[in-house]
Amino acid sequence: MPKALRQPARHWLPALALALVLLRLSACGGGEPEASPTSSSSPFAPSPIGDSTVTPTPPPPDTPYRFVYREFGQDQDIIWRVLPSDPSQREQLAAIPHRQGWGIKASLSPDGRLLAYLTMPEGAFDPSFQAEAYLLSVKKKETRLLAKGVDLRFRPLWSPDGLLLYVRRNIEQDVYMLHIDIPPEPAEGEPTPRRTPPPTGETPAPEDPVRVAFTANISTALTFIPIGFAEDGESLYFIQIQGGTGGGTLVGSYKPATTSAIATATALAGATATAVSESGATTPPEPPPFTPTPGSKFVVKLTEQIADDYDLSPDKHKLTFRAQALVEGRFVNQAFVADFKSETVQPLSSEGLAPGDQLRPLWHPDGQRVAVGLLPSSGEPSGVALVPVAGGPPSPLPVPSAGFDEPRSWAPDGTFLAVTNYSGDSLANLGTARLDLVAPTGQRVTVAEGRDNATRDSVLGWFKFE
């Protein structure tokens, strides 16, 4: 069984940082009144009649992508896909009943055909290990149970080919990352895939689709958070929050983490065993197991503290995250960029930005800029700034009419950024919340109202549908 990544112990984890991560990992629940999407006026709206000094804002841009989000209900969540330029044009993909007051954690497969979600069963009390994982066919409306005893606080992660699903499990003093084999969902008219029988014609023995990828005791690793897949098509990058007295946040990689990589590892293990057998050796070495695998390795240490808000760059070589830093004599949450190749970590450039907390750094699809939310200053509302990673002045996105924006998800073509808009003026006074889509060309439309509909778990992403 692979051990967690290790770094030299330096000091006890700060109490404030530990409180932050526990708050981040808490289960989603509660409910504000549901509301249908509506269009909201942009701060760059056309000028009044008779005033020709302001150029009217063009209509929202076209995009082939559709925005998918989860609308919370006290006993049922609805998955919607909407036309970004006009969110009133929306289609229901699924309605998921759930335990009273407990929202689901949902993730749509890369091809949009399957919806994986976690939910709390009746009678369960601990979201860290008592949730259940389900799989829903979006078109067939068929649902099946995938696994019991998983962590509700981590949203399922799909492999790029949609054939593996990663979930987390906590049992007593151990934390596990599991992957679940998912059979492909055939398109209309395609035959249902079947397991290839062995050459002997015998029916293969059924395999458990749920397997342990890697695990550790919480004295070494408080938790694991997968953040995406590497460029090699074989490895999974993950965050490890150090446990015990080690402190800090690490990035690790693990392979084989995709179906093709697992198949290759299995074939190599079999070939090694055959070669040893044919050589006539009397004590052949045992072939390395492929699951769980000893393929976890350290990549880079992000910080001595507990970091959050991780986002992998489009080229898979860098990571943005947020951590506490001392800036101009006070501690604030600041955005950083980690480079996996050079194994370095640097603060995101603050040139041209107001001092203070920075919110959820998020890579722009071009991989050259990072969107970061800023808190209001001098009583004025604040939007999102696009900061060049190489340095240089930032460019602002449209500012809300009140409050401030926190980035959530970019459309792959960069036409829209989904944000949570808070009506308040600080992290201590968030006010009301809504889910908006902001176009760099100056438009803003509201998708949903209410705090429960504007969390990061509310946003499932951007998809092209058949």
Side-chain angles (χ1 to χ4, degrees), residues 28 37 63-73 76-84 87 89-98 103-119 131-147 150-168 178-188 209 225-229 236 258-259 311-312 314 362 365 408-413 415-418 435 437 447-448 452-466:
C28 175
T63 175
Y65 295 94
R66 297 297 178 262
F67 180 64
V68 181
Y69 74 100
R70 180 215 66 180
E71 184 178 65
F72 173 81
Q76 176 178 265
D77 288 358
I78 299 178
I79 309 299
W80 297 101
R81 70 175 173 190
V82 303
L83 182 67
Q89 297 188 41
R90 64 179 186 174
E91 178 185 357
Q92 179 178 307
L93 293 181
I96 312 293
H98 58 72
I104 66 170
K105 294 288 181 72
S107 183
L108 201 61
S109 64
D111 61 10
R113 298 178 183 180
L114 299 171
L115 180 75
Y117 66 91
L118 309 183
T119 185
E132 296 176 342
Y134 288 86
L135 187 70
L136 168 69
S137 170
V138 173
K139 287 189 175 182
K140 298 177 181 178
K141 307 302 180 186
E142 298 173 350
T143 302
R144 65 184 179 94
L145 176 67
L146 291 176
V150 299
D151 189 349
L152 182 71
R153 302 168 300 173
F154 167 69
R155 188 162 70 177
L157 175 70
W158 288 92
S159 63
D161 59 9
L163 298 178
L164 288 179
L165 185 72
Y166 282 83
V167 297
R168 191 170 62 195
L178 312 175
H179 63 67
I180 306 173
D181 294 330
I182 305 296
E185 175 79 356
E188 188 174 351
I225 307 169
I227 53 176
F229 291 82
L236 172 72
T258 61
T259 50
D311 189 45
L312 189 63
L362 199 68
R408 292 295 179 209
S409 177
W410 276 104
D413 57 4
T415 50
F416 288 94
L417 172 66
L435 185 60
L437 302 182
V447 174
D452 292 311
N453 296 325
T455 68
R456 73 179 62 196
D457 290 322
S458 301
V459 176
L460 274 65
W462 302 80
F463 299 86
K464 289 181 179 179
F465 289 88
E466 299 174 354

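All values reported here derive from a predicted model rather than from experimental measurement. Only heavy atoms go into these numbers, but all of them, side chains included; no hydrogens, no water, no symmetry mates.
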Does any part of the side chain of W158, heavy atoms only, come nearer than 4.5 Å to the side chain of S107, both counted from C-beta? yes
Side chain of R66, backbone of T63: donor and acceptor closer than 3.5 Å? yes
Quick one: closest heavy-atom pair of A106 and L115, and the distance? CB-CD1, 4.0 Å
Between the OG1 atom in T119 and the CG atom in L152, the distance rounded to the nearest 0.5 Å is 7.5 Å
Do L108 and I79 touch side chain to side chain, with heavy atoms closer than 4.5 Å? no
Might you work through the side chain to side chain contact (heavy atoms under 4.5 Å, CB included) test for R168 and I225, ending with a clear yes or no? CA-CA 8 Å; R168 191 170 62 195; I225 307 169; 3.9 Å; yes
Within the structure provided, determine whether P226 and F154 are in side-chain contact (heavy-atom separation under 4.5 Å). yes
Given Y69, which partner from the list R408, R81, R90 fulfils the side chain to side chain donor-acceptor pair (under 3.5 Å) test? R90
Parallel, tilted or perpendicular for Y166 and H179, by the 30°/60° rule? perpendicular
Sort out for me which residue in D161, L165, T259, L164 forms a side chain to side chain contact (heavy atoms under 4.5 Å, CB included) with I182. L165
Can you tell if the side chain of P184 reaches within under 4.5 Å of the side chain of D111, non-hydrogen atoms only? no
Which heavy atom of L157 sits nearest to which heavy atom of F229, and what is that distance? CD2-CE1, 4.1 Å
Just wondering, do Y117 and L460 contact through their side chains at under 4.5 Å, heavy atoms? no
Would you compute the distance between atom CG of N453 and atom CD of E71 and round it to the nearest 0.5 angstrom? 5.5 Å
Quick one: do Q92 and W80 satisfy side chain to side chain contact (heavy atoms under 4.5 Å, CB included)? Show the steps, please. CA-CA 5 Å; Q92 179 178 307; W80 297 101; 3.7 Å; yes
Mind checking whether D413 and P365 have side chains closer than 4.5 Å, heavy atoms only? no
Quick check against the 3.5 Å criterion: does H98 have a side-chain atom that pairs as donor or acceptor with the backbone of G73? yes
Run the side chain to side chain contact (heavy atoms under 4.5 Å, CB included) check on L417 and L362 step by step: do they pass? CA-CA 10 Å; L417 172 66; L362 199 68; 3.9 Å; yes
Under a 4.5 Å cut-off applied to non-hydrogen side-chain atoms, are S458 and F72 in contact? no
Minimum heavy-atom separation for G461 and S409, please, with both atom names. CA-OG, 4.3 Å
Decide yes or no for I180 and L135: does some side-chain heavy atom of the first lie under 4.5 Å from some side-chain heavy atom of the second? no
Check the pair L93, F463 against side chain to side chain contact (heavy atoms under 4.5 Å, CB included), reporting the backbone distance first and the verdict last. CA-CA 12 Å; L93 293 181; F463 299 86; over 6 Å; no
Give the minimum heavy-atom separation between A133 and L145, together with the two atoms involved. O-CD1, 3.4 Å
Taking all non-hydrogen atoms of both residues, which atom of I104 and which atom of R70 are closest, and how far apart? O-NH1, 3.0 Å
Heavy-atom closest contact (P160 atom, P110 atom, distance): O-CG, 3.6 Å
